[in-house]
Amino acid sequence: MPELPEVETIRSGLATHVPGSAIEGVEVHAPQVLRRQDGGPGALGDLVVGRTITGAHRRGKFLWLTLAGEDYALLIHLGMSGQVLVRAREREPHRHLRVRLALRRQDGSAQDLWFVDQRMFGYLAAVPLGPDPHGGGPIPVTMTHIGPDPFEPALVPGSPLRRRINRRIRASTRGIKAILLDQQVVSGVGNIYADEALWRARVHGARPANRLTAGKVEEILTAATDVMVEALAAGGTSFDALYVDVAGEPGYFERALAAYGRAGQPCLRCGALIVRETYLGRSSFRCPRCQRRPARTR
DNA sequence: ACGAGCTCCTGCTTGC
DNA sequence: TGCAAGCAGGAGCTCG
């Protein structure tokens, strides 16, 4: 499940391979992944063919390639199982190949950009660029509601934005994990890194956010940032073949996970057995001793 | 305005 | 053995 570190690994791979290349053609194998395209699936080709890719950007789990003219971007969300692969033109198509972009490099050589997605929760869309409400560079207009992510300089500890977000979190009665998963507050954290951050901060995910101190919220945000920095250094987390980088290589952070997926195994801090629970309709893993359930929940 | 719940989708696993 | 149900879950949407 791609979260911030995995999407950043892909962004960085794209940044080294595709800027300067022109999009020569679009081949759609599954129109479903273009369901968010304004004007319908057919509009994608009209908006991107003939244009040159100028850069690869990311906020949270959203990825976009800017196009020459800097008025439009090709927005990519990987959903649960999306992959972006840079492939040789001759390569045999992948079973779950949904969209193929034919690229032409500046030196005249050809390469393909594949959007592969088994479960098709992901999508592609050519979207106009607009101003960033959080003060950064232009972003696709369909994602202006997405909050800043912990890798953004504006969100460093002690910054005004960080303090504002800390207050916003503590104004809510929702469980802290629900807020971590809410991409409109802070983006980039998904189910895996939320559980890891909460384990590190010794907090139960169902703890109402308004009952946390500013210092504890800060500790949770820092833990989320730290675990994602470490995961990025390992190339991301690959549970199965569903997450790979643009060259098709998996990441190696799974072996460093302390909570997620470790039900029945000892807590690396205290030895109590990690438990799996359902929270918000998805699985949560925690240490029953380090992360005590809040008193009045359930 | 906020939050809870539903929905999209495929493939692997589980149970009868 | 074969089939159906269960499960995985990001984020946009609807509804209260």
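On a predicted model such as this, the values are computed, not experimentally measured, just so you know. Below, chains carry the letters A, B, ... as their sequence lines are ordered, and counting in each starts from 1. Side-chain atoms are counted along with the backbone in the values below, which use heavy atoms only and exclude waters and symmetry mates.
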### Query
So, is Ser172(A) near the phosphate of dG3(B), with a side-chain N or O under 4.0 Å from OP1 or OP2?
yes
### Query
Starting at the 5' end of DNA chain C and moving along, which residue's nearest nucleotide shows up first, Phe62(A) or Gly281(A)?
Gly281(A)
## Note on the structure
From OH of Tyr193(A) across to P of dG9(C) the rounded distance in Å is 14 Å
#### Entry: Met120(A) with Leu113(A), same ILVMFWY side-chain cluster at under 4.5 Å
yes
### Task
For the side chain of Tyr123(A), starting at C-beta, report the closest nucleotide among dG3(B), dG12(C), dA11(C).
dG12(C)
### Query
With respect to the side chain of Lys61(A), which nucleotide from dT10(B), dG12(C), dA11(C) is positioned closest?
dA11(C)
### Message
Counting only side-chain heavy atoms from C-beta out, which of dG10(C), dG3(B), dG12(C) sits nearest to Arg36(A)?
### Response
dG12(C)
### Query
Hey, is CG on Asp71(A) packed in by over 12 heavy atoms from elsewhere, all under 6.0 Å?
yes
### Query
Whole Å only: how far is the CD1 atom of Ile169(A) from the C1' atom of dC2(B)?
16 Å
### Task
Taking atom types as modelled, find out whether Ser81(A) and Asp117(A) have a side-chain donor-acceptor pair closer than 3.5 angstrom.
yes
### Message
Less than 4.5 Å apart, side chain to side chain, heavy atoms only: is that true for Ile146(A) and His134(A)?
### Response
no
### Query
Tell me: CD of Gln83(A) to P of dG11(B), nearest whole Å?
13 Å
### Message
So is the aromatic ring of Phe121(A) stacked onto the base of dG9(C), judging by whether the centres are under 5.5 Å apart and the planes are under 30° apart?
### Response
yes
### Message
If I take atom CG in residue Leu75(A) and atom P in nucleotide dG10(C), what distance separates them, rounded to the nearest angstrom?
### Response
17 Å
### Nearest-neighbour nucleotide for the Gln183(A) side chain, dA4(B), dT10(B), dA11(C) considered
dA11(C)
### Message
Which is more 5' along DNA chain B, the nucleotide nearest Arg282(A) or the one nearest Ala178(A)? Just name the residue.
### Response
Ala178(A)
### Summary
Picking from dG9(C), dA11(C), dG11(B), the nucleotide nearest the side-chain atoms of Arg95(A) would be dG11(B)
#### Entry: Phosphate OP1/OP2 of dG12(C) contacted by His145(A) side-chain N/O (<4.0 Å)
yes
### Task
Name the nucleic acid region contacted by Met80(A), choosing base, sugar-phosphate or nothing; use a 4.0 angstrom heavy-atom cut-off, strictly under.
base
### Query
Can you check whether His77(A) has a side-chain N or O nearer than 4.0 Å to OP1 or OP2 of dG10(C)?
no
### Message
Under 4.0 Å from OP1 or OP2 of dG9(C): is there any side-chain N or O of Ser283(A) that close?
### Response
yes
### Task
Quick one: pull up CG in Leu97(A) and CH2 in Trp114(A) and give me the separation to the nearest 0.5 Å.
6.0 Å
### Task
Please report, rounded to the nearest Å, how far the C1' atom of dT10(B) is from the NE2 atom of His96(A).
7 Å
### Query
Under a single-linkage definition using a 4.5 Å side-chain heavy-atom cutoff for Ile, Leu, Val, Met, Phe, Trp and Tyr, are Ile23(A) and Ile76(A) assigned to the same hydrophobic cluster?
yes
### Message
Checking contacts here: which listed nucleotide (dC8(B), dG11(B), dG12(C)) is nearest the side-chain heavy atoms of Gln32(A)?
### Response
dC8(B)
#### Entry: Presence of Tyr260(A) side-chain N/O under 4.0 Å of dG9(C) phosphate oxygens OP1/OP2
yes
### Query
Given atom CD1 of Ile146(A) and atom P of dC13(C), what is their separation to the nearest angstrom?
11 Å
### Task
To the nearest Å, give me how far apart CG (Leu181(A)) and C1' (dA4(B)) are.
14 Å
### Summary
Atom CG of Leu63(A) and atom P of dG10(C) are separated, to the nearest Å, by 17 Å
